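Below: one structure, written as structure tokens.
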Amino acid sequence: MPSRLADWDKRHLWHPFTQQTEWARRDPLIIRSAEGVWLKDARGRRFLDGVSSLWVNVFGHRKKELDRAVRHQLAKIAHGTFLGLTHEPAIRLAKRLIEIAPPSLSRVFYSDNGSTAVEVALKMAYQYWNLRARKSKTRFVSLKGGYHGDTLGSVSVGGIDLFHARFRDLLFKGWQVEPPRCHSRPPHDKAGRNPETLDPRFRGGDGMEKILKRHHNQIAAVVMEPLIQGASGMRLMPRGYLAHVARLCKRYGVLLIADEVATGFGRTGTMFAVEQEKVRPDFLCVAKSLTGGYLPLAATLATEKIYRSFLGRYDEFKAFFHGHTYTANPLACAVALANLDLYRKEDLLGNVRARTSQLAAGLAPLAYHSHVKEVRQLGLMAGIELVNEKAAGRSYPPGARMGLKVCDAALKRGVWLRPLGDVVVLMPPLAISEKETTFLLDAVAGAVEEATR
Ligand SMILES: Cc1ncc(COP(=O)(O)O)c(C=O)c1O
């Protein structure tokens with residue numbers, strides 16, 4: 001049966017972010033079931049889910065409380081529209097999100113995925129200024145290396161040429177700023193606080209300041225991933241940069257959209273990454289881990305000030321004309337609520353902190369490997385950047401597929417990973433145990449050694 005399924009897959013499917021020629025040559029991993037951090041394939045092999053099923057899984061697969069929440073909701077209603085109706089799981093979840101979000105935020109707008117969460121924030125920011133008769137404020141500032149999803153609005157503020165440059169003619173124009181980079185950020189304390197020391201490299205006169213100073217009358221918002229750019233290879237920004245951008249936004253009357261699709265819900269050690277620099281954004285975009293990796297659901301959180309500007313008589317047509325058919329799906333909202341309940345009950349953030357230290361200690365020796373350029377980590381997000389010639393800083397040619405080779409070698413050792421080019425990404429489920437983390441680290445070290453030999 002697995003070989004027949006593989007044939008059908010190759011004949012009928014088109015996978016995301018995949019060169020299908022390469023896919024057709026390979027033996028696809030057909031996942032049949034999972035338990036905890038372990039995926040099981042159709043041949044009965046077990047693999048540790050080293051990237052949390054694309055950065056979404058929190059408590060592992062088949063978590064009984066989450067399974068139960070879906071079943072419980074299924075016995076009531078699987079889906080009902082949110083256009084003209086409402087329901088209890090969505091209401092309770094909105095209340096919960098506002099309780100845990102930064103204090104500036106008071107309104108929740110649901111959608112289905114990270115791209116739409118950002119798309120919604122962009123449109124809301126645009127309409128906000130439009131409604132306030134500041135019609136020139138139509139542009140966005142984003143960061144080079146940023147990733148916000150694959151719909152055209154999110155692509156317009158994306159900063160990864162490989163993904164975005166081809167579509168340039170379809171995109172709206174804005175400004176992009178090169179953020180400062182660093183190798184690591186010192187850990188925050190237990191309350192998630194960091195002293196706000198500004199990195200000297202961008203103190204005074206950085207690219208962001210120049211753009212905002214000169215063009216603020218045309219700028220609706222700055223959109224950025226806080227602290228770390230995930231999809232461009234776990235690239236870290238130095239401590240203080242986010243707070244610095246937030247201050248500039250305030251000074252120049254520009255809104256701040258924090259895209260926490262990847263970092264939200266504990267991934268970086270605090271519930272939201274913005275907490276680490278005490279930043280209160282105007283919009284917070286969340287998705288991925290919101291449902292513990294069970295069902296697609298996203299939310300764009302906004303301030304009361306933004307929300308109020310959309311109010312008026314029907315025939316003023318100030319309403320936000322945007323929505324998706326499966327917005328606020330009740331099954332997804334119910335499992336998200338159960339997921340967030342477990343954070344406190346199981347002290348998930350405590351585990352993230354312990355595993356973060358373990359991961360850092362375990363990955364430290366890899367930084368000295370002759371084919372590792374850099375190891376970057378924040379919380380349970382890590383990237384190991386491979387390099388062909390370390391001293392000269394020369395990369396492998398893209399066709400060498402070195403990132404993929406390391407992941408193939410990890411697979412032989414019982415770990416499933418998906419690279420970003422030549423960056424090997426580690427994003428384990430947040431509830432991963434000490435023993436499982438050791439297994440992951442051993443497999444990765446062995447895989448890097450084998451593939452680069
Ligand atoms: C920061 C960030 N924003 C947005 C997205 C897009 O999310 P989705 O794939 O759910 O559309 C991603 C996905 O990786 C992301 O990392």
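Bear in mind the structure is a predicted one, so any value in this text is a computation, not a measurement. We count ligands from 1, going down the list as the structure has it; atoms in each ligand are counted the same way.
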Within the protein, residues bringing a heavy atom under 4.0 Å of ligand 1, chain by chain =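 Within the 4.0 Å shell of ligand 1, which is judged on heavy atoms, sit Trp55, Asn113, Gly114, Ser115, Tyr147, His148, Gly149, Glu225, Asp259, Val261, Ala262, Lys288.
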
Taking 4.0 angstrom as the limit, do Arg92 and Glu88 come out as a salt bridge?
->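 A salt bridge links Arg92 with Glu88.
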
State plainly whether the residues Lys123 and Glu119 are in salt-bridge range, i.e. N to O under 4.0 Å.
->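 No, this pair does not count.
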
Tell me, with the steps shown, if Thr116 and Asp112 meet side chain to side chain donor-acceptor pair (under 3.5 Å).
-> CA-CA 7 Å; Thr116 55; Asp112 321 327; 5.4 Å; no

Straight-line distance of Leu349 CG to Met271 CE, nearest 0.5 Å |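 If I round to the nearest 0.5 Å, the distance is 6.0 Å.
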
Distance-only side-chain donor-acceptor flag, Asp49 / Ser53, under 3.5 Å =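 The criterion, which ignores hydrogens and geometry beyond distance, is satisfied for Ser53 and Asp49.
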
Derivation of the side chain to side chain donor-acceptor pair (under 3.5 Å) call for Tyr110 and Asn329 | CA-CA 9 Å; Tyr110 289 114; Asn329 172 261; over 6 Å; no

